[in-house]
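These notes concern the structure reproduced below.
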Amino acid sequence: MPIGLRDVREETGRRGRRSLGLNEERRMSMQSYKPTLKMASAARRGLRLREKFDRGGTQVGVDRAHQLVERRDLTAADVKSMHSFFARHDVDKAGKAHKWNSDSDPSAGFIAWLLWGGDAGKQWADRKVRTINDE
């Protein structure tokens, strides 16, 4: 959902969107979210595997991994981006090339998944995006 729009099911009894007020938008953009140690650890592993096998992830994923490893605060937009990444790439787990969760022959999808915080990042982003959408 684009920033500035919000689910209004509770107000209308049906699913819809309304514009957020300027103050509400500002408040959401100013909030920050701290990555967990497990997310940082997964991202660090992803960076090591990417370096070793020369596959997996885009520059955006590498940048996200550095952000997670350094445990820099994330914005609401970052959290939503992470949530979207995991939703789109969950199917990568079924890939046949190389192996999921392998340090000796990891798939590119697995490495990319780690760069975004791994399973810990997915669970965290899923929880946080619900909080953001409820505000």
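Just so you know, these numbers come straight off a predicted model, no measurement behind them. Excluded from the calculations below are hydrogen atoms, water molecules and symmetry mates; all remaining heavy atoms, backbone and side chain alike, are included.
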**Item:** Audit row: Met82, Val129, side-chain contact (heavy atoms from CB on, under 4.5 Å) steps and yes/no
**Value:** CA-CA 9 Å; Met82 290 177 69; Val129 87; over 6 Å; no

**Asked** Could you walk me through whether Leu47 and His66 pass the side-chain contact (heavy atoms from CB on, under 4.5 Å) check?
**Response** CA-CA 8 Å; Leu47 288 169; His66 287 293; 3.9 Å; yes

**Message:** Could you walk me through whether Asp78 and Tyr33 satisfy the side-chain contact (heavy atoms from CB on, under 4.5 Å) test, starting with their C-alpha distance in whole Å, then the side-chain angles of each, then the deciding distance to 0.1 Å, before giving a yes or no?
**Reply:** CA-CA 9 Å; Asp78 292 331; Tyr33 303 87; over 6 Å; no

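Note on Arg45 versus Asp103: salt bridge recorded, some NZ/NE/NH1/NH2 to OD/OE distance being below 4.0 Å. Classification of Asp126 and Lys122 as a salt-bridged pair holds, one side-chain N sitting under 4.0 Å from a carboxylate O.
Counting heavy atoms from C-beta on, the side chains of Leu37 and Arg71 come closer than 4.5 Å. Between Phe53 and Arg50 the shortest side-chain heavy-atom distance does not fall below 4.5 Å. Put simply, the side chain of Gln67 does not reach to within 4.5 Å of the side chain of Asp73, judged on heavy atoms. In this structure, the side chains of Val79 and Thr131 stay at 4.5 Å or more apart for every pair of heavy atoms. Between Phe110 and Asp92, the closest side-chain pair of non-hydrogen atoms is not below 4.5 Å.
How far CG of Leu115 is from CG of Leu68: 9.0 Å, rounded to the nearest 0.5 Å. Remark: Arg55 CZ to Ser107 OG distance equals 8.0 Å, nearest 0.5 Å. Within the model, atoms CZ of Arg48 and CD1 of Ile111 stand 12.0 Å from one another, a figure rounded to the nearest 0.5 Å. Rounding to the nearest 0.5 Å gives a distance of 13.0 Å between CD of Gln123 and NZ of Lys128. We find the CH2-CZ distance between Trp116 and Arg64 to be 4.5 Å, quoted to the nearest 0.5 Å.
Within a 6.0 Å sphere centred on CD of Glu51, heavy atoms belonging to other residues, nucleotides or ligands number 12 at most. Within a 6.0 Å sphere centred on CG of Asp54, heavy atoms belonging to other residues, nucleotides or ligands number 12 at most. Atom NZ of Lys99 is surrounded by 12 or fewer heavy atoms from other residues, nucleotides or ligands within 6.0 Å.
A donor and an acceptor atom, one from each side chain of Trp113 and Asp119, are located under 3.5 Å apart.
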